[in-house]
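Naming convention: chains lettered A, B, ... in sequence-line order (proteins, then strands); numbering from 1 in each chain.
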Amino acid sequence: MEWPRTVEDAIALQERLRTQVITISAPDLRVDTVAGLDVGYRSNDTVAGVCVVFDAKSLVILDEVVVEDTTDFPYIAGLFAFREMPVLLRALDQVTVAPDLLVADGQGLAHPRRFGLACHLGVHTGIPSIGVAKNAMGEFDPPGRARGSMSDLVMDGPRGRDVVGRALRTQDGVKPVFVSVGHKIDLDRACAEVLRLAPRYRLPETTRRADTLTKQAVSSG
DNA sequence: GCGACAG
DNA sequence: ATCTTGTCGC
(Lines give C-alpha, C1' and ligand atoms only; values in the text may rest on other atoms or scores of the structure.)
Protein backbone atom coordinates (compact mmCIF):
# COMPACT_ATOMS: atom_id res chain seq x y z
CA MET A 1 0.00 0.00 0.00
CA GLU A 2 1.37 3.38 -1.04
CA TRP A 3 1.55 5.89 1.76
CA PRO A 4 -0.12 9.08 0.49
CA ARG A 5 1.87 12.29 0.13
CA THR A 6 -0.95 14.52 -0.98
CA VAL A 7 -4.29 15.45 0.51
CA GLU A 8 -6.13 13.97 -2.47
CA ASP A 9 -4.39 10.60 -2.17
CA ALA A 10 -4.90 10.55 1.59
CA ILE A 11 -8.63 11.12 1.23
CA ALA A 12 -8.84 8.51 -1.51
CA LEU A 13 -7.11 5.98 0.74
CA GLN A 14 -9.54 6.66 3.57
CA GLU A 15 -12.48 6.25 1.21
CA ARG A 16 -11.07 2.92 0.09
CA LEU A 17 -10.16 1.55 3.52
CA ARG A 18 -13.38 2.60 5.24
CA THR A 19 -15.11 -0.40 3.71
CA GLN A 20 -12.82 -2.72 5.67
CA VAL A 21 -13.97 -1.60 9.09
CA ILE A 22 -15.79 -4.16 11.22
CA THR A 23 -18.06 -2.67 13.86
CA ILE A 24 -18.90 -5.76 15.86
CA SER A 25 -16.88 -7.76 18.36
CA ALA A 26 -15.80 -11.31 17.64
CA PRO A 27 -17.88 -13.70 19.81
CA ASP A 28 -14.72 -14.71 21.60
CA LEU A 29 -13.12 -11.27 21.92
CA ARG A 30 -11.05 -11.22 25.08
CA VAL A 31 -9.32 -8.07 26.21
CA ASP A 32 -6.57 -9.00 28.64
CA THR A 33 -3.99 -6.52 27.42
CA VAL A 34 -4.58 -2.98 26.16
CA ALA A 35 -2.22 -0.63 24.38
CA GLY A 36 -2.28 3.14 24.68
CA LEU A 37 -0.83 5.08 21.73
CA ASP A 38 0.12 8.73 21.57
CA VAL A 39 2.44 11.17 19.82
CA GLY A 40 4.25 14.22 21.16
CA TYR A 41 5.80 17.06 19.16
CA ARG A 42 9.26 18.48 19.74
CA SER A 43 8.90 20.71 16.71
CA ASN A 44 6.62 20.83 13.72
CA ASP A 45 8.18 17.75 12.21
CA THR A 46 10.08 16.03 15.00
CA VAL A 47 7.93 13.65 16.97
CA ALA A 48 8.00 10.96 19.63
CA GLY A 49 5.61 8.03 19.39
CA VAL A 50 4.65 5.94 22.37
CA CYS A 51 3.00 2.55 22.84
CA VAL A 52 2.25 1.42 26.38
CA VAL A 53 0.73 -1.97 27.12
CA PHE A 54 -1.34 -2.48 30.26
CA ASP A 55 -2.85 -5.52 31.90
CA ALA A 56 -6.52 -4.67 31.36
CA LYS A 57 -7.70 -5.96 34.72
CA SER A 58 -5.02 -4.76 37.14
CA LEU A 59 -3.92 -1.77 35.03
CA VAL A 60 -0.33 -2.77 35.69
CA ILE A 61 2.05 -1.63 32.94
CA LEU A 62 3.55 -4.59 31.07
CA ASP A 63 5.68 -2.77 28.52
CA GLU A 64 6.47 0.70 27.20
CA VAL A 65 8.17 1.79 23.99
CA VAL A 66 9.20 5.29 22.93
CA VAL A 67 10.50 6.03 19.44
CA GLU A 68 11.55 9.30 17.86
CA ASP A 69 10.91 10.14 14.25
CA THR A 70 10.09 12.92 11.82
CA THR A 71 6.82 13.70 10.09
CA ASP A 72 6.21 15.17 6.69
CA PHE A 73 2.44 15.28 6.60
CA PRO A 74 0.97 18.49 8.08
CA TYR A 75 -1.77 18.53 10.65
CA ILE A 76 -5.13 18.65 8.94
CA ALA A 77 -8.26 17.76 10.90
CA GLY A 78 -9.62 14.72 9.13
CA LEU A 79 -6.20 13.59 7.91
CA PHE A 80 -4.72 13.28 11.34
CA ALA A 81 -3.71 9.66 10.84
CA PHE A 82 -1.25 10.45 8.08
CA ARG A 83 0.72 12.57 10.50
CA GLU A 84 0.83 10.16 13.43
CA MET A 85 0.46 6.64 12.04
CA PRO A 86 4.07 6.04 10.95
CA VAL A 87 5.60 6.71 14.37
CA LEU A 88 2.87 4.84 16.18
CA LEU A 89 3.37 1.75 14.05
CA ARG A 90 7.08 1.82 14.77
CA ALA A 91 6.38 1.98 18.49
CA LEU A 92 3.79 -0.76 18.26
CA ASP A 93 6.26 -2.98 16.39
CA GLN A 94 8.72 -2.84 19.24
CA VAL A 95 6.35 -3.76 22.02
CA THR A 96 7.02 -7.22 23.47
CA VAL A 97 3.53 -7.91 24.80
CA ALA A 98 0.80 -8.34 22.19
CA PRO A 99 -2.14 -6.03 22.88
CA ASP A 100 -5.69 -7.34 22.48
CA LEU A 101 -7.00 -3.81 22.01
CA LEU A 102 -5.50 -0.54 20.77
CA VAL A 103 -6.65 2.75 22.30
CA ALA A 104 -5.90 5.69 20.04
CA ASP A 105 -5.74 9.31 21.13
CA GLY A 106 -8.31 10.63 18.66
CA GLN A 107 -11.34 9.51 16.70
CA GLY A 108 -12.36 6.21 15.14
CA LEU A 109 -15.61 6.26 13.16
CA ALA A 110 -16.38 9.72 14.52
CA HIS A 111 -14.74 11.19 11.46
CA PRO A 112 -15.93 13.10 8.35
CA ARG A 113 -15.36 10.04 6.17
CA ARG A 114 -15.88 7.57 9.01
CA PHE A 115 -12.21 6.58 9.09
CA GLY A 116 -10.24 8.26 11.83
CA LEU A 117 -6.87 7.30 13.33
CA ALA A 118 -8.30 4.43 15.39
CA CYS A 119 -9.84 2.82 12.28
CA HIS A 120 -6.58 3.28 10.46
CA LEU A 121 -4.59 1.54 13.18
CA GLY A 122 -7.12 -1.25 13.51
CA VAL A 123 -7.47 -2.05 9.83
CA HIS A 124 -3.72 -1.82 9.29
CA THR A 125 -2.84 -4.18 12.14
CA GLY A 126 -5.95 -6.32 12.29
CA ILE A 127 -6.09 -5.67 16.03
CA PRO A 128 -9.37 -4.49 17.62
CA SER A 129 -9.17 -0.75 18.22
CA ILE A 130 -11.09 2.21 19.60
CA GLY A 131 -10.67 5.96 19.55
CA VAL A 132 -10.89 8.05 22.71
CA ALA A 133 -10.84 11.78 21.96
CA LYS A 134 -10.78 14.73 24.32
CA ASN A 135 -12.81 16.83 21.91
CA ALA A 136 -15.77 15.92 19.77
CA MET A 137 -16.11 15.91 16.02
CA GLY A 138 -19.87 15.89 15.88
CA GLU A 139 -22.88 16.82 17.99
CA PHE A 140 -24.17 15.38 21.24
CA ASP A 141 -26.50 16.10 24.10
CA PRO A 142 -24.74 16.31 27.45
CA PRO A 143 -24.71 12.89 29.15
CA GLY A 144 -26.02 12.54 32.72
CA ARG A 145 -23.65 13.87 35.34
CA ALA A 146 -22.71 10.47 36.80
CA ARG A 147 -19.75 8.33 35.78
CA GLY A 148 -20.92 5.84 33.17
CA SER A 149 -23.56 8.14 31.69
CA MET A 150 -23.42 8.45 27.93
CA SER A 151 -25.15 9.96 24.93
CA ASP A 152 -24.98 9.49 21.18
CA LEU A 153 -22.40 11.35 19.16
CA VAL A 154 -23.96 12.18 15.80
CA MET A 155 -22.42 13.53 12.66
CA ASP A 156 -23.43 14.35 9.11
CA GLY A 157 -21.65 12.47 6.39
CA PRO A 158 -21.77 11.04 2.85
CA ARG A 159 -24.84 8.99 3.71
CA GLY A 160 -26.59 11.46 5.95
CA ARG A 161 -26.69 11.71 9.71
CA ASP A 162 -25.13 8.82 11.65
CA VAL A 163 -24.48 7.86 15.25
CA VAL A 164 -20.70 7.73 15.03
CA GLY A 165 -19.77 7.29 18.66
CA ARG A 166 -20.62 8.27 22.18
CA ALA A 167 -19.97 11.07 24.67
CA LEU A 168 -19.00 9.14 27.79
CA ARG A 169 -18.71 10.53 31.32
CA THR A 170 -15.82 8.67 32.92
CA GLN A 171 -16.02 10.49 36.27
CA ASP A 172 -18.86 12.31 38.01
CA GLY A 173 -19.24 15.81 36.66
CA VAL A 174 -16.18 15.91 34.43
CA LYS A 175 -16.23 16.78 30.73
CA PRO A 176 -17.05 13.61 28.78
CA VAL A 177 -14.58 11.82 26.51
CA PHE A 178 -15.62 10.87 22.99
CA VAL A 179 -15.50 7.18 22.22
CA SER A 180 -15.85 5.66 18.79
CA VAL A 181 -15.22 2.27 17.24
CA GLY A 182 -11.96 1.77 15.44
CA HIS A 183 -12.14 -1.82 14.23
CA LYS A 184 -13.35 -5.28 15.28
CA ILE A 185 -15.29 -4.14 18.34
CA ASP A 186 -18.77 -2.79 19.04
CA LEU A 187 -19.54 0.58 20.57
CA ASP A 188 -21.00 -0.80 23.82
CA ARG A 189 -17.92 -2.89 24.42
CA ALA A 190 -15.69 0.05 23.53
CA CYS A 191 -17.35 2.22 26.15
CA ALA A 192 -17.16 -0.54 28.74
CA GLU A 193 -13.44 -0.89 28.12
CA VAL A 194 -12.90 2.85 28.45
CA LEU A 195 -14.72 2.89 31.77
CA ARG A 196 -12.58 0.03 33.00
CA LEU A 197 -9.46 1.91 31.93
CA ALA A 198 -10.55 5.12 33.67
CA PRO A 199 -11.32 4.16 37.28
CA ARG A 200 -10.00 7.39 38.71
CA TYR A 201 -9.40 10.10 36.16
CA ARG A 202 -11.21 11.53 33.18
CA LEU A 203 -8.85 9.98 30.66
CA PRO A 204 -8.05 6.26 30.41
CA GLU A 205 -4.80 5.22 32.11
CA THR A 206 -3.56 4.15 28.70
CA THR A 207 -3.70 7.63 27.23
CA ARG A 208 -2.53 9.25 30.46
CA ARG A 209 0.62 7.17 30.60
CA ALA A 210 1.31 7.41 26.89
CA ASP A 211 0.91 11.17 27.09
CA THR A 212 3.32 11.46 30.00
CA LEU A 213 6.00 9.45 28.20
CA THR A 214 5.44 11.40 25.04
CA LYS A 215 6.00 14.77 26.71
CA GLN A 216 8.95 13.42 28.65
CA ALA A 217 10.55 12.31 25.40
CA VAL A 218 10.13 15.57 23.52
CA SER A 219 11.31 17.75 26.39
CA SER A 220 14.50 15.86 27.21
CA GLY A 221 17.67 15.20 25.26
C1' DG B 1 -15.21 35.20 1.81
C1' DC B 2 -15.84 33.38 6.85
C1' DG B 3 -15.78 30.10 10.41
C1' DA B 4 -14.87 25.21 11.87
C1' DC B 5 -11.36 22.05 12.65
C1' DA B 6 -9.30 14.90 16.42
C1' DG B 7 -3.82 16.16 17.88
C1' DA C 1 -0.01 19.48 19.71
C1' DT C 2 2.63 23.63 21.94
C1' DC C 3 3.75 28.31 24.34
C1' DT C 4 3.04 28.82 30.31
C1' DT C 5 1.86 30.56 36.85
C1' DG C 6 -0.87 30.56 39.91
C1' DT C 7 -4.86 28.98 41.92
C1' DC C 8 -9.28 26.73 43.48
C1' DG C 9 -10.81 22.39 45.44
C1' DC C 10 -10.93 17.52 47.29
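At a non-hydrogen distance threshold of 4.0 Å, nothing from residues 166-184 of chain A comes into contact with DNA chain B.
Using a 3.5 Å distance cut-off with no hydrogens or angles, the side chains of A:Glu84 and A:Tyr41 do pair a donor with an acceptor. Looking only at atom types and distance, the side chain of A:Asp45 has no donor-acceptor partner in the side chain of A:Thr71 under 3.5 Å away.
Annotation: ring-ring contact (aromatic ring centres under 6.0 Å, His included) contacts of A:Phe73 (sequence neighbours excluded): A:Phe82.
A salt bridge does not link A:Arg209 with A:Asp38: every distance from a Lys NZ or Arg NE/NH1/NH2 to an Asp or Glu carboxylate oxygen is 4.0 Å or more. Salt-bridge annotation for A:Asp172 and A:Arg147: absent, with no side-chain N of the basic residue lying under 4.0 Å from a carboxylate O of the acidic one. Between A:Glu139 and A:Arg161 there is a salt bridge, since a side-chain N of the basic residue sits under 4.0 Å from a carboxylate O of the acidic one. Checked for salt-bridge contact, A:Asp72 and A:Arg83 miss the test: no charged N lies under 4.0 Å from a carboxylate O. Classification of A:Lys57 and A:Asp55 as a salt-bridged pair fails, no side-chain N sitting under 4.0 Å from a carboxylate O. Looking at A:Asp211 and A:Lys215, a side-chain N of the basic residue comes within less than 4.0 Å of a carboxylate O on the acidic one, giving a salt bridge.
Between the side chain of A:Thr33 and the backbone N or O of A:Asp100, at least one donor-acceptor pair lies under 3.5 Å. The backbone N or O of A:Gly78 sits less than 3.5 Å from a side-chain atom of A:Arg113, completing a donor-acceptor pair.
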Show each protein N/O and nucleotides 5-10 of chain C N/O combination with a separation under 3.5 Å, one pair to a line.
none

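Across all their heavy atoms, A:Leu153 and A:Ala136 have their closest contact at CD2-CB, 4.4 Å. In plain terms, the two heavy atoms of A:Gly144 and A:Ser149 that are nearest each other are O-CB, 3.2 Å. The minimum heavy-atom distance linking A:Ala81 with A:Pro86 is given by the pair O-CD, 4.2 Å. Closest non-hydrogen pair, A:Pro4 versus A:Leu13, comes out as CD-CD2, 3.7 Å.
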Under a 4.0 Å heavy-atom criterion, the protein footprint on nucleotides 1-7 of chain B, written with B, S and -, is ----BBB
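To the nearest angstrom, C1' of C:dC3 lies 13 Å from CG of A:Asn44.
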Could you spell out the base pairing of DNA chain B in dot-bracket, with Watson-Crick or G-U pairs whose two distances are under 3.5 Å, [ ] crossing and | to another strand?
-> .......
If you write DNA chain C from 5' to 3' in dot-bracket form, with Watson-Crick or G-U pairs under 3.5 Å, [ ] for crossing pairs and | for pairs with another strand, what do you get?
-> ..........
